[in-house]
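Right, one structure below, let's go through it.
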Amino acid sequence: MTYAAGLPSWTDLTTTAPEPCRAFYSALFGWVYGESASEYGGYAMAFQQGRVAAGLAPRPAGAGVPSVWTVYFASDDLEADAARVQALGGQTVVAPMQVGEQGHMGVFSDPTGAVFGLWQSGAHQGAENRDDQGSVVWVEVHTPDSARAAAFYTALLRADSVPVPGMDYLQLHRNGEGYAGVMGEEGVARPAG
């Protein structure tokens, strides 16, 4: 299974409480987990009906960062896309790096501060369960500046942005199909007066 560049291909959870999270998502979605890979800092794959669904990484206690899900968008050329992030006003959080034979990853922030990842696949293409329970079906960012964020993601991911009438919300589309959203602080527009 391959993903076109710019589409969400992977998600993972970094948490200070990996065991309770494993139990929670196992009960919620029926996920089962592969072995934690010590060479990858204890990273483990979650599986839904035998197909890889997401990743789970432990974060050291006291790291000062809350548990967080990260969405990774597929990239055909991670180094070029990392340069484009900078040119479009974003920042590098984790510089592009190789992850064994699995592929290459980088973590970035958009111009409004929201964090996301880019994944250039190797042996690991991304999530294999696209349409089952426990699969990612929609991703969105909540931001104080929806216009700025939408302009960034539209350019970086080579998407079309489509405003939703009556809301501070835009959808990212590819070939006429929505796959992500950008919601401003106002969310639903309020009537004037």
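As the structure is a prediction and not an experimental result, all values here were calculated from the model. Throughout, numbering of the chain's residues begins at 1 and tracks the sequence. Scope of the values below: all heavy atoms of this structure, side chains included, with no hydrogens, waters or symmetry mates.
- The cluster map of Ile, Leu, Val, Met, Phe, Trp and Tyr, joined by side-chain heavy atoms under 4.5 Å apart, puts V93 and Y72 in the same cluster.
- With a 4.5 Å cut-off on side-chain heavy atoms, R84 and F108 do not count as touching.
- Across all non-hydrogen atoms, the minimal contact from S121 to H124 is CB-O, 3.1 Å.
- Considering all non-hydrogen atoms of both residues, A17 and P20 come closest at O-CD, 3.3 Å.
- Although no hydrogens or angles enter the test, the distance criterion places no donor-acceptor pair under 3.5 Å between the side chain of Y40 and the main chain of A57.
- Two different hydrophobic clusters hold W10 and Y153 under the rule that ILVMFWY side chains link at heavy-atom gaps under 4.5 Å.
- Taking each heavy atom of A127 and A53 in turn, the nearest pair found is CB-O, 3.8 Å.
- To the nearest 0.5 Å, atom CE of residue M183 and atom CG of residue D168 are 8.0 Å apart.
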| request: Please report the C-alpha distance between F73 and V71 in whole Å, then the side-chain angles of each, then the deciding distance to 0.1 Å, and finally whether the side-chain contact (heavy atoms from CB on, under 4.5 Å) criterion is met. | output: CA-CA 7 Å; F73 295 92; V71 174; 4.1 Å; yes
| request: Take L78 and W119 through the side-chain contact (heavy atoms from CB on, under 4.5 Å) test and state the conclusion after the steps. | output: CA-CA 7 Å; L78 183 57; W119 178 257; over 6 Å; no
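- Annotation: the span from C21 atom SG to Y33 atom OH amounts to 8.0 Å, rounded to 0.5 Å.
- E140 and Y169 share a donor-acceptor pair across their side chains, judged by distance under 3.5 Å alone.
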| task | Using the side-chain contact (heavy atoms from CB on, under 4.5 Å) rule, take Y43 and V99 through it: C-alpha gap first, then chi angles, then the decisive distance, then the call. | result | CA-CA 11 Å; Y43 196 94; V99 184; over 6 Å; no
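- Both V139 and L156 are members of a single hydrophobic cluster when ILVMFWY side chains are connected at heavy-atom separations under 4.5 Å.
- Residues L28 and F47 do not share a hydrophobic cluster, defined by chaining ILVMFWY side chains whose heavy atoms lie under 4.5 Å apart.
- Two residues are said to be in side-chain contact when any heavy atoms from C-beta on lie closer than 4.5 Å; R59 and V68 meet this criterion.
- Considering only residues two or more places apart in sequence or on other chains, T92 meets the side-chain hydrogen bond (donor to acceptor under 3.5 Å, both in side chains) condition with Q86.
- Closest of all the heavy-atom pairs between V182 and S146 is CG1-O, 3.7 Å.
- With rounding to the nearest 0.5 Å, the separation of CZ in F24 from CG in L13 is 10.5 Å.
- The distance from atom CG of D76 to atom CG of D81, rounded to the nearest 0.5 Å, is 8.0 Å.
- Between F152 and D145, every side-chain heavy-atom pair lies at or beyond the 4.5 Å cut-off.
- Here the OG atom belonging to S75 is positioned 12.0 Å from the CG atom belonging to L7, to the nearest 0.5 angstrom.
- Residue D12 holds its CG atom at 9.0 Å from CE of M45, rounded to the nearest 0.5 Å.
- The two atoms that bring P18 and P58 nearest to each other are CG-CB, 3.9 Å, heavy atoms only.
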| request: Any chance you could lay out the side-chain contact (heavy atoms from CB on, under 4.5 Å) test for D77 and E79, step after step, and finish with the verdict? | output: CA-CA 6 Å; D77 186 338; E79 292 293 338; 4.0 Å; yes
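- Counted within 6.0 Å of CD on E39, heavy atoms from surrounding residues, nucleotides or ligands total more than 12; the atom is thus considered enclosed.
- Of all the heavy atoms in A159 and L172, the pair that sits closest is CB-CB, 4.2 Å.
- When atom types are taken as modelled, the side chain of S26 and the backbone of W31 share a donor-acceptor pair closer than 3.5 angstrom.
- Proximity of a side-chain donor or acceptor of E128 to a complementary backbone N or O of V52 within less than 3.5 Å is detected.
- The hydrophobic clustering, which links ILVMFWY residues whose side-chain heavy atoms are closer than 4.5 Å, places V141 and Y179 together.
- Classified by interplanar angle (parallel below 30°, tilted 30° to 60°, perpendicular above 60°), the ring pair F29/Y25 is parallel.
- Under the 3.5 Å distance criterion, the side-chain polar atoms of R22 are left unmatched by any main-chain donor or acceptor of L56.
- Remark: side-chain polar atoms of R174 are paired, donor with acceptor, to backbone N or O of L157 under 3.5 angstrom.
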